[in-house]
Amino acid sequence: MKESKKQPVMMTGSQAVMESLLNEGVDLMFGYPGGAIMPVYDALYSIQDKLHHVLVRHEQGAVHAAQGYARVTGKVGVCLVTSGPGATNTVTGIADADIDSTPVVVISGQVGSSLLGSDAFQETDIVGITQPVTKWNYQITRAEEIPRAIARAFYIAKSGRPGPVLLDITKDAQFGMLEYTYEPVTSIRSYTPCPPVEPAQIEEASKLINLAKKPMALVGQGVLIAGAEKELLEFLEKTDIPAAQTLLGQSALPSDHRLSIGRLGMHGNYGPNIKTNDCDLIIALGMRFDDRVTADTKNYAIKAKIIHMDIDPAEINKIIHADAPVLGNLKDSLPMLTARVNKNDHSEWLEEFRACDRIENERLIKRELFPEKPELKVAEVVRRVSEAYNDDAIMVTDVGQHQMTAWRYFRFKRSRSVVTSGGLGTMGFGLPASIGAKLGKPDRPVCLFVGDGGFQMTIQELGTINQSKVPVKIILINNNFLGMVRQWQELFFDYRYASTELINPDFQTIARGYNIPAIKVTERKNLDKAIEKMVNSEGPFLLEVAVEKEGNVFPMVPAGASVADIRLE
């Protein structure tokens with residue numbers, strides 16, 4: 001007998017979108033419906049038991065939530081939006097994901113293909129708009145293109161150096177019929193997401209490491225993306241090299257590890273900044289030497305050879321010349337390097353960083369954590385929240401003074417515990433990102449630190465928290481100022497506070513309007529009890545803390561200065 005052939009599965013383009021997402025393992029997505037994406041939402045209606053959709057209150061919130069989800073899980077975050085303003089509202093989040101290497105797939109609806117270019121209602125060239133800030137984007141005009149395009153989108157978004165991808169699907173493609181089959185994409189001609197590690201590059205780097213007397217490792221987000229935390233520890237512990245972390249590289253090392261020397265950059269720690277120009281070797285691991293780390297590049301690491309290990313060849317020699325570049329995935333290259341380097345002891349060099357720690361602690365940290373003045377400081381709030389969660393919560397931040405302070409004073413035991421907007425510095429990022437982070441890791445507490453300025457940029461996402469019952473703990477740092485801009489106006493513009501003071505609403509009433517319990521602290525004596533109440537609450541909670549109105553974040557490397565010119569006050 002002849003074997004009966006399996007009949008092809010006929011379905012609409014919209015159904016193909018949903019089936020393809022399921023085939024990619026997607027079980028959670030964020031979005032906001034509208035006319036041009038309505039057929040896809042209709043297909044979603046039938047599979048809500050398999051693919052959970054979170055209805056946000058603004059499309060920007062959808063992308064930031066997807067970013068938060070992606071950053072804590074390592075999976076691809078997914079958004080679904082309509083055409084025109086729905087699509088253009090995602091651009092900020094897409095740009096943020098692009099510069100911070102976050103894997104996100106945005107699916108937007110589009111007017112019918114016969115109307116393209118006609119200025120139809122809610123038609124916008126979102127492919128043209130997002131081309132500079134996506135890893136790949138594509139417009140689908142035929143139903144049969146959908147499975148292959150989605151498979152390709154997920155492969156590109158998560159492979160190599162991750163990033164955002166946008167698929168724009170015309171309405172007729174959503175309604176059209178196709179014979180559905182799905183094959184995941186595992187390679188694309190001319191696209192090499194992960195260059196092979198060259199043994200000669202490893203050999204050259206190992207020679208420099210074995211000769212170095214004062215080496216320092218700079219740990220970036222690339223370590224987390226590669227899942228190379230274990231490999232990092234093995235390398236550092238064999239070589240005994242002190243390691244500092246970038247903003248997005250934070251939590252790749254436990255905060256209390258003996259080789260962790262703190263944070264890099266403009267508001268980082270005193271030691272790793274001032275000692276940069278004493279190093280004889282810099283080992284950059286999955287970081288890109290952005291301007292907030294290097295400051296004046298002409299006076300950066302002036303005595304040091306540079307080893308730059310990265311998966312993206314575009315980053316090599318882009319900012320800082322690499323004496324020994326090592327291309328490849330850190331998961332592969334770090335073990336190869338560890339095998340070639342000598343076991344070493346840099347305890348005397350490490351002690352120089354500890355001496356810097358003592359200076360910073362005496363001149364700055366003590367007064368930040370244990371202030372004599374009655375006004376509450378952001379640092380003491382951050383540290384007490386961290387301690388209340390046994391230093392084992394996920395920290396999400398918005399952007400500004402509170403972001404830098406939270407980065408400095410929150411502590412971590414596990415990796416992928418930091419979600420913040422790094423390269424783009426997007427105010428409004430924090431609240432929706434915390435939603436995605438909590439839904440991505442429901443078993444871990446998520447603490448959002450947000451300023452009164454950034455909070456109001458996406459405050460409508462309290463509605464998402466309410467409807468989806470997301471138990472995020474929100475610590476609202478309220479100083480009635482756009483604090484970071486005000487700090488620069490104080491230091492560099494002779495106290496000319498132009499358009500930075502805020503007259504704020506009653507945040508407590510707003511939170512309760514969304515059925516979120518809230519409490520406000522204005523005095524130090526009430527802080528611990530309020531934090532305890534927040535920690536013990538089962539659902540979402542808003543803890544508003546009124547802090548000193550004109551507090552500043554130090555240390556600080558002034559713009560245009562050398563990292564060695566870092567100021568403690």
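Note that the structure is predicted; figures quoted are calculated from it, not measured.
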Count the heavy atoms of every other residue, nucleotide or ligand shown that sit under 6.0 Å from [atom1] of [X], and state whether that count exceeds 12.
{"X": "F121", "atom1": "CZ", "value": "no"}
{"X": "F492", "atom1": "CZ", "value": "yes"}
{"X": "Q48", "atom1": "CD", "value": "yes"}
{"X": "R148", "atom1": "CZ", "value": "no"}
{"X": "Y32", "atom1": "OH", "value": "no"}

Is [X] reaching over with its side chain to a backbone N or O of [Y], donor-acceptor style, under 3.5 angstrom?
{"X": "Q467", "Y": "L462", "value": "no"}
{"X": "D398", "Y": "G428", "value": "yes"}
{"X": "Q245", "Y": "S251", "value": "yes"}
{"X": "D100", "Y": "T102", "value": "no"}
{"X": "N137", "Y": "L166", "value": "no"}
{"X": "R71", "Y": "T420", "value": "yes"}
{"X": "R142", "Y": "A173", "value": "no"}
{"X": "R486", "Y": "T500", "value": "no"}
{"X": "R416", "Y": "L224", "value": "yes"}
{"X": "Q487", "Y": "V553", "value": "yes"}

Below 4.5 Å, heavy atoms only, C-beta onward: do [X] and [Y] meet side chain to side chain?
{"X": "L448", "Y": "L431", "result": "yes"}
{"X": "H53", "Y": "M29", "result": "yes"}
{"X": "M395", "Y": "V419", "result": "no"}
{"X": "V104", "Y": "C79", "result": "yes"}
{"X": "P432", "Y": "V56", "result": "no"}
{"X": "S159", "Y": "Y191", "result": "yes"}
{"X": "Q60", "Y": "T426", "result": "yes"}
{"X": "P505", "Y": "I510", "result": "yes"}

Q.
Enumerate the ring-ring contact (aromatic ring centres under 6.0 Å, His included) contacts for residues 63-109, please, sequence neighbours excluded, ordered by first and then second residue.
A.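 Every pair satisfying ring-ring contact (aromatic ring centres under 6.0 Å, His included) with a residue in residues 63-109: H64-F429.
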Q: Would you list the pairs meeting ring-ring contact (aromatic ring centres under 6.0 Å, His included) in which at least one residue belongs to residues 165-186, sequence neighbours left out?
A: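 Non-adjacent pairs meeting ring-ring contact (aromatic ring centres under 6.0 Å, His included): zero.
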**Q.** Residue pairs, two or more places apart or on separate chains, that pass side chain to side chain donor-acceptor pair (under 3.5 Å) and touch residues 77-93
**A.**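 Sorted result for residues 77-93: E59-N89.
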Q. Which pairs with one or both residues in residues 286-297 pass side chain to side chain donor-acceptor pair (under 3.5 Å), sequence neighbours excluded?
A. D296-N299
Could you pull out the closest heavy-atom pair between [X] and [Y], with the gap in Å?
{"X": "K135", "Y": "D98", "answer": "N-OD1, 4.5 Å"}
{"X": "G454", "Y": "V450", "answer": "C-CG2, 4.2 Å"}
{"X": "E461", "Y": "R57", "answer": "OE1-N, 3.1 Å"}
{"X": "S333", "Y": "V197", "answer": "CB-CG2, 4.0 Å"}
{"X": "T130", "Y": "I126", "answer": "OG1-O, 2.7 Å"}
{"X": "F154", "Y": "V78", "answer": "CZ-CG2, 3.7 Å"}

List the atom pairs, with distances to 0.1 Å, where a side-chain N or O of residues 470-483 and a protein N or O form a donor-acceptor pair under 3.5 Å, not counting sequence neighbours.
| residue | atom | partner | partner atom | Å |
| --- | --- | --- | --- | --- |
| K473 | NZ | S537 | O | 2.7 |
| K473 | NZ | S537 | OG | 2.9 |
| K473 | NZ | G539 | O | 2.4 |
| N478 | OD1 | N480 | N | 3.0 |
| N478 | OD1 | N504 | ND2 | 3.3 |
| N478 | ND2 | E544 | OE2 | 2.9 |
| N479 | OD1 | F481 | N | 3.0 |

Q. side-chain contact (heavy atoms from CB on, under 4.5 Å) between T397 and W407: does it pass, once the steps are laid out?
A. CA-CA 9 Å; T397 82; W407 174 51; over 6 Å; no
If I take atom [atom1] from residue [X] and atom [atom2] from residue [Y], how far apart are they, to the nearest 0.5 angstrom?
{"X": "T141", "Y": "E144", "atom1": "OG1", "atom2": "CD", "result": "8.5 Å"}
{"X": "Q460", "Y": "H58", "atom1": "CD", "atom2": "NE2", "result": "6.5 Å"}
{"X": "Y300", "Y": "I320", "atom1": "OH", "atom2": "CD1", "result": "6.5 Å"}
{"X": "N515", "Y": "N466", "atom1": "CG", "atom2": "CG", "result": "4.5 Å"}
{"X": "S415", "Y": "L232", "atom1": "OG", "atom2": "CG", "result": "10.5 Å"}

(Q) Determine whether Q403 and M484 satisfy the following criterion, side-chain contact (heavy atoms from CB on, under 4.5 Å), listing intermediate values before the conclusion. (A) CA-CA 10 Å; Q403 175 192 32; M484 188 62 85; over 6 Å; no
Q. Between W136 and Y138, what is the ring plane arrangement, given parallel below 30°, perpendicular above 60°, and tilted in between?
A. parallel
Only counting residues at least two apart or in another chain, list the ones meeting side-chain contact (heavy atoms from CB on, under 4.5 Å) with [X].
{"X": "D172", "answer": "S113, T170"}
{"X": "V40", "answer": "S14, V17, M18, I37, L80, Q174"}
{"X": "S118", "answer": "L115, A120, E123"}
{"X": "P195", "answer": "I311, L327"}

Q.
For Y41 and L44: C-alpha separation, side-chain torsions, deciding distance, then whether side-chain contact (heavy atoms from CB on, under 4.5 Å) applies.
A. CA-CA 5 Å; Y41 270 91; L44 173 62; 4.0 Å; yes
Q: Any salt bridge (Lys or Arg N to Asp or Glu O under 4.0 Å) involving residues 427-438? Give me the pairs, sequence neighbours left out, ordered by first then second residue.
A: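 Qualifying pairs, neighbours excluded: none.
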Q. With sequence neighbours left out, which residue pairs that include part of residues 17-36 fulfil the salt bridge (Lys or Arg N to Asp or Glu O under 4.0 Å) condition?
A.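 Qualifying pairs: E24-K158.
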Q: Tell me, with the steps shown, if V111 and K171 meet side-chain contact (heavy atoms from CB on, under 4.5 Å).
A: CA-CA 5 Å; V111 300; K171 201 164 183 178; over 6 Å; no
(Q) I'd like to check the salt bridge (charged side-chain N to carboxylate O under 4.0 Å, His left out) partners of E179; sequence neighbours left out, ordered by chain and number. (A) none
Q | Residue pair S101, Q221: steps toward the side chain to side chain donor-acceptor pair (under 3.5 Å) verdict | A | CA-CA 9 Å; S101 303; Q221 188 189 197; 5.0 Å; no
